Amino acid sequence: MDAQHLKDTTVEVTEENGPLTIRGLTVFYDQKPAVFSIDATFRKGRMTAIVGPNGAGKSTLLKAALGIVKPLSGSTSVFGAPLEHMRRRIAYVPQRASVDWDFPARVSDVVGMGLYSELGLLGRFTGAHGKRVTSCLARVGMEDFADRQIGQLSGGQQQRVFLARALAQDADLYLLDEPFAGVDAATERAIIDVLKALRDEGKTVVAVHHDLTTVPDYFDDVLILNVQKVSEGSVEDAFTQDALNKAYGGRLAMAEIDPVPITA
Amino acid sequence: MVFDALTFQLGYNATLVTVGAILLGVAAGVTGTFLFLRKRALVSDAIAHATLPGVGLAFIAMTALGLDGRALPGLLAGSAVSAFLGLLCVQWLVNRTRLTEDAAIGAVLSVFFSFGIVILTIIQTLPTGGQAGLEGFLLGSTAGMIFADASLIAVGGVIVVALVFVFRRPMTLLAFDPNYAETRGMRSDHIDLIMMALVLAITVVGLKIVGLIMIVALLIIPSATARLWSDRVDRVVLLAGAFGGLSAWVGAAVSASAPDLPTGPLIVLTAFALFALSMFFAPARGLISGFMRHRRFQRGVHIRQGLLSLAQGLPIYEPLTLRLLKEEGLARPDGVPTEAGRARAARAHWDEKRWEIARATPEHELAAARYDGLTRLEEVLTSDQIAEIDARIAPPEAAS
C-alpha cells in the first residue's frame, strides 16, 4: 500500500499545482450550455461544496472535470498535471441512482472494484486486498454487510458502499456527486465523519451538495454556480446571501437557510 | 441412442459435432454473460445477421480466384468482416444520430440480412457449381463437418474464453458502473469494442453449428439462466459457461440419435428447457421460492397484526388473519385469544414498543431501518441495548 502510494506521488505537490484546477470549462448539451466558462480552484486539505439550483450544472462540472463528459472547451489539471496522468490519485463517488443495484455482486465485490486499476488485468486478488476491502467497509460502518447482495441494501447503505469503494483507492482527491441525496440521518453523519477524517489527513474533498442548511457545518469552501460561476472561496467569504440570491433567483426561500456562516 | 450419443459412442462425425458444440456452448455462455450484464444482448443479434452478406461475398470471391468456394476459413473470414461492418453501423447510428440502440439494431439487422439473402439468391444462379450448402449458415448444418472445422471451432472458443478471462475486470466494471470505470482510466468505447469483438468471434465460430439466426440464444439464454442461480458475477459467468456447454452437449446428442434432427435448434431448445426449469426452481430468484417467500411473509404479517389486535383487545375483522390465528392455536373461532395466544400477543406488543423506541433513538437508526413488522428487535440489537430500551419502556422507579 505504501509502495503504491509512493509511486503515485512522484510529482511533488507545491502551492501552484493544487489538487484540482479547472479553467474555462464549458459543456453543452444539445446546444444548451450546461456549464459555461467556469474557472475554479479547489484547495488542498479542504472540503468544498459545489452548490446551485437544479440544472445548474453541478454534476456536469464534476463529470467534465473527470473526463466522463467531454467538454466543449476548457481544461482540468490535477496536482499540476493533466488529468490522464493523475487518475490514480482521484476517487470518484457517483450518484447512487446512476447504477443498477440488481447487478450480481456482493458488497465486498463492489468495494473490490476500487482496486481494479491497481490489480491490472491479471493481478491476483490476494488476502491483503481482501483485508483492505474489509477495513474500508469498517470505516463506513458496513463491515457486517460484506457478503450481502447489493440489491438488498437500503439507499444509505448503498451510498456507504460507494464511499468505501472510493476509500479503497487510497486517493488524494475525492470527488462526490450528491453523497447525501436520499440517505438516512445516520448515514449522513457517518459519511461526513469519514470525509472530515480524510480532510484532516490532508486529502482534498469536493462534493456536489444540495442541502444549503448544512453547508457551513460540513464544508470549508464553497463554489456556487448556476451554469456560470457565481461565487467561490471559503464559506465565510463566498456563502453569502447576495451570492445565493444571484444563483437561485426567486427560488430560494429565505427562511430555509442561514447564510450567516457558523464558525465552529 | 441418446445415451450412446451423450457418451460419444455414435461414430466419428457425431462425436466431432458434439465436442465442437460443447466448446462453443461454454465459450458462448461465458462471453454472453458480459453482454447480458451490459444490457446489450440484442447487439449480438445484429452482429449475427450481418454475417450473411460476408458469407455470400466470400464464396463469390473465392470461386472467382479459383479456390474452393466452400472453404470454411474463407467463409468465416468473410462473415467476420461484414459482421464488423454491421457492428460499426449500429455504433455509428447510436453515436451520430438520434436513433436509440434498439432502433439501430432493427435497421442494421434487417438490411444486412436482406442484402445477404439477395447475394445468396444470385449465387444460386451462378454457373460455378458447388454453392449448395451456403444456406446452412442460416440455421446451422453439421452434416458435413470435418475435423478441420471442429478444430477451428475449438481453437476459436478457447481463444475467446482466454480473452474473456483477461478482460473480465474492465468488462464487469463497465457493465456495473460505466461512469466510475471512465474515472479509473478505462475507455468505455474501447472495452465495449473488445466485448463486441469477442461476441463477434463467437458468432462467426458458431455459424456452422447453430447458424446465424439462433446464435443469439446461445449467447443470452445460458447467462439469463445462470443469473437465476447466483448473485455473484464470477459465479454467474462460470455457471453460464456450464449451462451453455450442457445445452450444447444434450442438444447435439439428441440430434445425433435420429436422422435429420437439426442440431442448432435442439441446442437452443435444451438451453431454454434449462432456463424454464431454473425459472421455476432456482432457490433465491425462482418463481416458486419467490411465491413461497411472499406467502410466508404475508402469513407472518397477518399473524403479527392479529396478535397486536389481541394484545389491545381489539376485534379482528380480516378473515385471513383470524383463520391463521386459529391454525396456529392462538385464537378461538370467535376471535377470543387462547392462553398461548395471550402470551404471544403480549410478547408481540412488547416487541412493538421496543421498536418504537429504537426507531426514535438516533444511535439505533441503522438497526431500526431493518424494521419490517416481523423481525424481532432482539435479532437486531445486543441484549445490553435491549435492556436499555426496556428500562425506558418501564422506568425503574415505576417498576419498583
Side-chain angles (χ1 to χ4, degrees), chain A residues 30 62-63 65-69 83-88 90-95 98-106 109-110 112-123 125 141-142 144 147-152 154-157 160 162 165-166 169 175 177 184-187 189-190, chain B residues 33-34 36-39 98 162-189 191 194 223-224 226-240 284-285 359 361-372 380:
Chain A
D30 282 332
L62 214 56
K63 286 182 180 165
L66 282 158
I68 300 169
V69 169
L83 174 68
E84 299 76 54
H85 301 295
M86 287 293 159
R87 290 216 181 269
R88 291 212 142 184
I90 308 173
Y92 171 56
V93 180
Q95 283 186 21
S98 67
V99 307
D100 174 11
W101 289 90
D102 192 40
F103 194 83
R106 294 168 303 166
D109 297 330
V110 172
M113 287 176 188
L115 302 170
Y116 276 8
S117 296
E118 198 182 309
L119 287 166
L121 291 179
L122 293 171
F125 191 93
M142 288 283 291
D144 294 339
D147 290 327
R148 281 286 179 91
Q149 209 277 324
I150 54 172
Q152 299 171 352
S154 71
Q157 291 166 342
R160 290 171 187 230
F162 263 3
R165 178 177 69 178
Q169 286 176 233
L175 302 175
D177 199 347
D184 52 283
T187 296
R189 264 193 310 280
Chain B
T33 304
F34 291 95
F36 170 76
L37 293 176
R38 182 87 172 110
K39 299 191 169 74
R98 299 184 137 245
L163 287 173
V164 168
F165 179 77
V166 170
F167 291 108
R168 68 197 190 281
R169 283 177 188 145
M171 290 196 298
T172 305
L173 192 47
L174 186 66
F176 175 58
D177 193 347
N179 283 344
Y180 179 75
E182 288 271 353
T183 69
R184 313 279 20 238
M186 296 173 188
R187 288 281 305 269
S188 60
D189 47 350
I191 297 161
I194 291 168
S223 44
R227 181 69 187 89
L228 290 165
W229 289 91
S230 179
D231 276 330
R232 293 179 52 177
V233 67
D234 46 354
R235 290 187 186 163
V236 173
V237 172
L238 294 175
L239 282 171
R285 297 173 75 93
R359 287 159 78 189
T361 310
E363 303 92 76
H364 298 320
E365 195 161 342
L366 204 60
R370 287 182 58 189
Y371 177 78
D372 58 5
V380 178

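Every chain is numbered from 1, with letters handed out A, B, ... down the list of sequences. Just so it is clear, the model here is predicted, and its values are computed rather than measured.
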Under 4.5 Å, counting heavy-atom pairs only, tell me which of [options] racks up the most with chain A.
options: B:Asp231, B:Val233, B:Asp234; value: B:Asp231
options: B:Ala175, B:Pro170, B:Ser230; value: B:Ala175
options: B:Arg184, B:Lys39, B:Glu182; value: B:Arg184

Nearest heavy-atom neighbours spanning [X] and [Y]:
X: A:Leu83; Y: A:Gly67; value: CD2-N, 3.8 Å
X: A:Asp177; Y: A:Gln95; value: OD1-NE2, 3.3 Å
X: A:Arg165; Y: B:Leu173; value: NH1-CD1, 4.4 Å
X: A:Gln169; Y: A:Ile90; value: NE2-O, 2.8 Å
X: B:Ala240; Y: B:Ser223; value: CB-CA, 3.8 Å
X: B:Ile191; Y: B:Met186; value: CD1-CB, 3.5 Å

Quiz prompt | Among A:Val69, A:Leu175, A:Leu66, A:Asp102, residue most engaged with chain B (heavy-atom pairs, under 4.5 Å) | solution = A:Asp102
Quiz item: Pick from A:Trp101, A:Tyr92, A:Tyr116: which one has the most heavy-atom pairs with chain B under 4.5 Å?
Solution: A:Tyr116
Tell me, side chain or backbone of [X] under 4.5 Å from chain A's heavy atoms, or both, or neither?
X: B:Arg187; result: neither
X: B:Arg168; result: side chain
X: B:Arg227; result: side chain
X: B:Ser188; result: neither
X: B:Val236; result: side chain
X: B:Ala181; result: neither

Exercise. Check step by step if side chain to side chain contact (heavy atoms under 4.5 Å, CB included) holds for B:Thr183 and B:Asn179.
Key: CA-CA 7 Å; B:Thr183 69; B:Asn179 283 344; 5.8 Å; no
Quiz item: Where does the angle between the aromatic ring planes of A:Phe162 and B:Phe176 fall among parallel (under 30°), tilted (30 to 60°) and perpendicular (over 60°)?
Solution: perpendicular
Quiz item: Going through the distances and angles, do B:Thr172 and A:Met113 end up as a side chain to side chain contact (heavy atoms under 4.5 Å, CB included)?
Solution: CA-CA 9 Å; B:Thr172 305; A:Met113 287 176 188; 4.2 Å; yes
Need one label for [X]: side chain, backbone, both or neither, based on atoms under 4.5 Å from any heavy atom in chain B.
X: A:Arg189; value: side chain
X: A:Ile150; value: side chain
X: A:Val110; value: side chain
X: A:Asp147; value: neither

Practice problem: Could you walk me through whether A:Val99 and B:Tyr180 pass side chain to side chain contact (heavy atoms under 4.5 Å, CB included), step by step? | Solution: CA-CA 10 Å; A:Val99 307; B:Tyr180 179 75; over 6 Å; no
